[in-house]
There are 2 protein chains.
Amino acid sequence: MLFQVNFKSGKPVYLQLVDQIQAAAASGALAPGEALPSIRPLAEELRVNRNTVAKAYTELESQGVIETLPGKGCFLKENHSPLRKEIRRKLLIEEIDQAIVKAHHLQVPGPEFLKLVEHRMEALEDKRRANEIEKEE
Amino acid sequence: MLFQVNFKSGKPVYLQLVDQIQAAAASGALAPGEALPSIRPLAEELRVNRNTVAKAYTELESQGVIETLPGKGCFLKENHSPLRKEIRRKLLIEEIDQAIVKAHHLQVPGPEFLKLVEHRMEALEDKRRANEIEKEE
DNA sequence: CTCTCTGTCATAGGACTGTATGACAGTTGT
DNA sequence: ACAACTGTCATACAGTCCTATGACAGAGAG
């Protein structure tokens, strides 16, 4: 498992970790029941404070993604699989609702909003592909 | 023109004002060239500091929504109408992109994302209607 | 000019947030 | 029991954000 953080991104380091671990859990790169890297070694490897990693793990536990046994370590929740989809939905719905509320405030009609969403999905997908190609060079 | 702020909402007061004025401008409740309430009286009416209103106006000016003439007052930009739609798009796209990026991080496939968006639009619309009815009682 | 209106800037207080340090408690293997 | 590992908590420091206060400068009416 390889994580990495970016200090200059403006986004808090502990949240970067949360995102990456969420993604790893969602994609199956981390198996249910599997142990996560323990706090101190991971912190050292990332050149980050122990408590920064600890905060990320705390956040993940409150989200029900991992389970932490003091003295033993942190593990991906066993029965995480059936909940996984629901958790992703919940996280995503928060973002989606924000966008819809904004559209309402700006008096953008529903159909136009939907069209805009589809348009941006294509645009971002193209951008992502361009980045992939760039990486290969 | 009636604005109102909520101190307990967690959202900064000056941003609440920005949203409300953006909405008023987008809906045409504020006509192009029309003067906005001047800072001090509005601040007094809202029981808010002068500089809080000033900060909202500064933000709106940097977004190109209003024009401020020191010593005279603040006005909705004259040639704002043709740009209005573009500005709304830009503001909305920021929110939409965040949601799409989140979906990608959570490995939610495009079609499912779109379905979720449609579902939430209905849900929020229902909620809005319920609030309307509640208000009428 | 003077008075009063307009917005602006410098500054500071208070709250919150992200990170860092040290001492602590539970678990495991020797 | 001891040592080496695990996560946890209290605390503190720094930076940022929002708001507040006071002094300032331009515009227009008298």
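Chain identifiers are assigned alphabetically (A, B, ...) following the order of the sequence lines, protein sequences preceding nucleic acid strands; residue numbering begins at 1 within each chain. For clarity, every value in this text was computed on a predicted model and none was experimentally measured.
Here the P atom of nucleotide D:dT19 and the CZ atom of B:Arg50 are 15 Å apart, to the nearest Å. Remark: C1' of D:dA20 and CZ of B:Phe7 are 12 Å apart, rounded to the nearest angstrom. In this structure, B:Tyr57 places its OH atom 7 Å from P of C:dG7, rounding to the nearest Å. Computed from coordinates, the A:Glu59 CD to D:dT8 P distance equals 14 Å when rounded to whole Å. One atom, CG of B:Asn51, and another, P of D:dC17, lie 17 Å apart when rounded to the nearest Å. Atom CG of A:Leu36 and atom P of D:dT6 are 13 Å apart (whole Å). Atoms CG (A:Leu46) and P (C:dA20) sit 12 Å apart, rounded to a whole Å. B:Glu67 places its CD atom 18 Å from the P atom of C:dT6, with the value rounded to the nearest Å.
Separating the CG atom in B:Leu36 from the SG atom in B:Cys74 is a distance of 6.5 Å, to the nearest 0.5 Å. Atom-to-atom distance recorded for A:Glu95:CD and A:Asp97:CG is 10.0 Å, nearest 0.5 angstrom.
For the pair A:Arg40 and B:Glu61, nearest-nucleotide mapping onto DNA chain C gives the more 5' position to B:Glu61.
Take B:Asn6 and apply the side chain to side chain contact (heavy atoms under 4.5 Å, CB included) test, not counting sequence neighbours, and it matches B:Lys8, B:Ser9, B:Gln16. Among residues two or more places apart in sequence or in another chain, the side chain to side chain contact (heavy atoms under 4.5 Å, CB included) test is passed with A:Ala43 by A:Val53.
Side chains of A:Tyr57 and A:Leu17 form no contact here, defined as non-hydrogen atoms less than 4.5 Å apart. Between A:Phe113 and B:Val117 the shortest side-chain heavy-atom distance falls below 4.5 Å. Contact annotation: the side chain of A:Ile96 never approaches that of B:His119 to less than 4.5 Å [non-hydrogen atoms, C-beta and beyond].
A:Thr68 has a side-chain polar atom (N or O) that falls below the 4.0 Å cut-off from OP1 or OP2 of D:dT8. Put simply, A:Thr52 has a side-chain N or O that comes within less than 4.0 Å of OP1 or OP2 on C:dA20. Put simply, A:Asn49 has a side-chain N or O that comes within less than 4.0 Å of OP1 or OP2 on C:dT21.
For the side chain to side chain donor-acceptor pair (under 3.5 Å) condition, the pairs that include at least one residue of residues 59-72 of chain B, sequence neighbours left out, are B:Gln22-B:Gln63, B:Glu59-B:Gln63.
Rounded to 10 degrees, the angle separating the terminal helix axes of the helix from C:dC1-D:dG30 to C:dT30-D:dA1, each built from five base pairs, is 10°.
Salt-bridge check for A:Glu125 with A:Arg128: passed, with a basic side-chain N closer than 4.0 Å to an acidic carboxylate O.
Looking only at distances, a side-chain donor or acceptor of A:Thr58 sits under 3.5 Å from a matching main-chain atom of A:Ala54. Using a distance-only test at 3.5 Å, with no hydrogens or angles considered, a donor-acceptor pair links the side chain of A:Gln20 to the main chain of A:Gln4.
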Check nucleotides 14-18 of chain C for protein N or O atoms closer than 3.5 Å to its own N or O atoms and list the pairs.
{"from": "C:dG18", "atom 1": "OP2", "to": "A:Tyr14", "atom 2": "OH", "distance (Å)": "3.2"}

Short heteroatom pairs, N/O only, protein and nucleotides 27-30 of chain C, under 3.5 Å:
{"from": "C:dT28", "atom 1": "OP1", "to": "A:Lys72", "atom 2": "NZ", "distance (Å)": "3.3"}

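Here the side chain of B:Ile39 is nearest to one of C:dA10, C:dG7, C:dT21, namely C:dG7.
Put simply, B:Ile39 and B:Phe75 are part of two different groups of oily side chains (I, L, V, M, F, W, Y) that touch within less than 4.5 Å, one to the next.
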